[in-house]
A.B. asks: 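One structure coming up, written as structure tokens, with questions to follow.
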Protein chains: 2
Amino acid sequence: MTEIAQDNSPPNASDNPVDVGQGIHTSKQSLADRLFLTLRSEIVEGRISSGSKISEPELARRFDASRSSLREALMRLESLSLIERRVNVGARVVDLTERGLLEIYDVREALEGMACRLAAENRSEEDLVELRQMLERHEQQEELQKGTAYFQPEGDFDFHFRIVQASNNDLLIDTLCNKLYYRVRMYRYQLGMASPRAHRAFREHSHIIDAIEAGDGELAEILMRRHIRASRNNIEKKLSQDD
Amino acid sequence: MTEIAQDNSPPNASDNPVDVGQGIHTSKQSLADRLFLTLRSEIVEGRISSGSKISEPELARRFDASRSSLREALMRLESLSLIERRVNVGARVVDLTERGLLEIYDVREALEGMACRLAAENRSEEDLVELRQMLERHEQQEELQKGTAYFQPEGDFDFHFRIVQASNNDLLIDTLCNKLYYRVRMYRYQLGMASPRAHRAFREHSHIIDAIEAGDGELAEILMRRHIRASRNNIEKKLSQDD
DNA sequence: CCGCCACAGATTGTCGACACTTTTATAGAT
DNA sequence: ATCTATAAAAGTGTCGACAATCTGTGGCGG
């Protein structure tokens, strides 16, 4: 039987805590909640491999929970598109496809572009300070380990996460930070994409924050879209090489 | 006790059936499925009023189902953001706010703009024929009842629905057609927005399809974004008048 | 040898019951 | 009369069990 975590790691990668929806300090969480969080981590990090079948009785035994609670967790996972369920057949972890990854990039380009525009239009002193601080942290990290870019994936994640938060559009925030980004992380973990674009990406981040600071929504959106599209092209090239 | 529908009306408004995700002909549906579909309609159409509390035992009795099945339906509704659930407290239908509506417009502008671009880039002969036929149908309807624009909301819905389908991006299709559009419909039904932009909207639709036909993704995206933003501005103006 | 059908095993969908929490109602004190 | 504290009622979270369905194995016929 596997112990399930009480305090699961939050979705934001940086040190400063950022509230992601559902109010402040919802310390009350049900068993189904905890099962959901635990399973989400296991799937995202590939400890439950993509494409594998999920057996309700087996998982229920493993966590020493009833099938009801487990099923609720599974339904939540389904709504994140981390698993797929078919009536009277069961659940499977989604499998990661090249097409699926590219589709995510297109959606991110659209949504994060808009988020960036909104962040620039509604920019608050608070957000700007945080964004600048984050950029400095990343710069230090980059100085520390030139080229290797080990922490870059999480740093990149952090960047995108914070921009979206600054958009001040709850629907956008929820769609990206609470839903789509888990699948993004799943691809990152399992296709292990250590970006060779580390240096360039950092400069792009910097320019994007400049545009936000200047309140230039149009430019901020264009730059963010380019930034994401560059990543997409990079991935696409790499994937086509492997075949 | 209320009878629950076996064959619930599909989300697309037009005559030609369009498969929305989850494979072809999933005639097998569980009780929870049917409860979900029925409740979704009732919430979207306002028969369960927004903001009202949802009692699990009461609804279970009303549909003569167990709480388990009902709860599964509720969780699905939650993933559509049609209801909100809090631990140990219960579920409430979301309430419709001006801010929420405007947020939806921003997200739609981003996503449908991208969908339109993709539709133009991957345009298939099939999609083009369907889009043209749809436009003709709408034109006839408009001729029939000049200005009144009774069917326009559904026609408009039909238009956006089909463009998204033509994007050929499953994530985009799912996000918009299977998730966000239900909330859009909810706002339409309950804030009853009979667009006074009927004629203009029709011309805009026409130009958008021209751009798609020409394979001009960039223009198609720009036009779609303008189209949605015009709607947004229209709503925003109307809402600020009412105060 | 391949394909079809029946049966057994396992899994999922659904149900009713119980424990714990929140909410409401009641009574008492300031 | 308002507020607080206690008790009753209702509601939610979780559990185990049963019925319906699917999967896989084996045998039969072509």
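Chain naming here is simple, since letters A, B, ... match the order of the sequence lines and numbering starts at 1 in each.
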A.B. asks: On the nucleotide C:dC15, are OP1 or OP2 found under 4.0 Å from the side-chain N or O atoms that B:S66 carries?
C.D. replies: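 Yes, such a contact exists.
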
A.B. asks: Quick one: which of C:dG13, D:dT23, D:dT14 gets closest to the side chain of A:V89?
C.D. replies: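 My answer, after comparing the listed nucleotides, is D:dT23.
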
A.B. asks: So is A:R40 actually on top of A:Y182's ring, under 6.0 Å and inside 45° of the axis?
C.D. replies: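 That pair qualifies as a cation-pi contact.
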
A.B. asks: Taking NZ, NE, NH1 and NH2 as the nitrogens, is one of them in B:E72 or A:R71 under 4.0 Å from a carboxylate oxygen of the other?
C.D. replies: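 Counted as a salt bridge, because a side-chain N and a carboxylate O are separated by less than 4.0 Å.
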
A.B. asks: Using whole Å, what does the distance between atom P of nucleotide D:dT14 and atom CD of A:Q29 come to?
C.D. replies: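 Whole-Å distance recorded here is 10 Å.
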
A.B. asks: If you check the B:A32 side chain, which of C:dT14, D:dG13, C:dT11 turns out closest?
C.D. replies: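 Of all the options, the side chain of B:A32 is nearest to C:dT14.
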
A.B. asks: Would you say A:S69 reaches D:dC15's phosphate, i.e. side-chain N/O to OP1/OP2 under 4.0 Å?
C.D. replies: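 Checking D:dC15 against A:S69, a side-chain N or O does come within under 4.0 Å of OP1 or OP2.
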
A.B. asks: Among residues at least two apart in sequence or on other chains, which ones pass side chain to side chain contact (heavy atoms under 4.5 Å, CB included) with B:L102?
C.D. replies: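 B:L102 satisfies side chain to side chain contact (heavy atoms under 4.5 Å, CB included) with B:E98, B:R232, B:E236 only.
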
A.B. asks: 5'-most contact on DNA chain C: A:G90 or A:S68, nearest heavy atom basis?
C.D. replies: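 So the residue in question is A:G90.
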
A.B. asks: Give the rounded distance in Å between these two atoms: CD1 of A:I54 and C1' of D:dC22.
C.D. replies: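 My rounded result for the distance is 18 Å.
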
A.B. asks: With nearest nucleotide decided by heavy atoms, which residue, B:S55 or A:L70, maps closer to the 5′ end of DNA chain D?
C.D. replies: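 Its nucleotide being nearer the 5' end, the pick is B:S55.
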
A.B. asks: What is the distance, rounded to the nearest whole Å, between atom CD of B:E72 and atom C1' of C:dT12?
C.D. replies: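 Taking atom C1' of C:dT12 as the reference, CD of B:E72 is at 11 Å.
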
A.B. asks: Atom CZ of A:R85 to atom P of C:dT12: distance rounded to whole Å?
C.D. replies: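 About 9 Å, once rounded to whole Å.
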
A.B. asks: Specify the separation, in whole Å, of atom NZ of B:K28 and atom P of C:dT14.
C.D. replies: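 The answer, rounded to whole Å, is 13 Å.
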
A.B. asks: Of the nucleotides D:dC22, D:dT12, C:dT22, which one has an atom closest to the side chain of A:N88?
C.D. replies: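 Per side-chain heavy atoms of A:N88, the pick is D:dC22.
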
A.B. asks: Does a side-chain N or O from B:R71 land closer than 4.0 Å to OP1 or OP2 of D:dG13, or not?
C.D. replies: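 The answer is yes; a side-chain N or O of B:R71 sits under 4.0 Å from OP1 or OP2.
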
A.B. asks: Any salt bridge between B:R99 and A:D170, counting N to O under 4.0 Å?
C.D. replies: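 Salt bridge present between B:R99 and A:D170.
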
A.B. asks: Nearest of C:dA17, C:dG13, C:dT11 to any side-chain atom of A:R67?
C.D. replies: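 Among the listed nucleotides, the one closest to the side chain of A:R67 is C:dG13.
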
A.B. asks: Hey, does the Lys NZ or Arg CZ of B:R188 hover above the aromatic six-ring of B:F157, less than 6.0 Å from the centre and inside 45° of the axis?
C.D. replies: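 The answer is no; the distance or angle limit is not met.
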
A.B. asks: What is the distance, rounded to the nearest whole Å, between atom CZ of B:F63 and atom C1' of C:dC15?
C.D. replies: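 Whole-Å distance recorded here is 18 Å.
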
A.B. asks: With respect to the phosphate group of D:dT12, does any side-chain polar atom (N or O) of B:K53 fall under 4.0 Å of OP1 or OP2?
C.D. replies: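 Answer yes for this pair, as a side-chain N or O of B:K53 is under 4.0 Å from OP1 or OP2.
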
A.B. asks: Grab the CZ-C1' distance between A:R34 and D:dT14 for me, whole Å please.
C.D. replies: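 Result: 12 Å.
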
A.B. asks: Roughly how many Å is it from CD in B:E56 to C1' in C:dT22, rounded to a whole number?
C.D. replies: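 Atom-to-atom, B:E56 to C:dT22, this comes out as 13 Å.
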
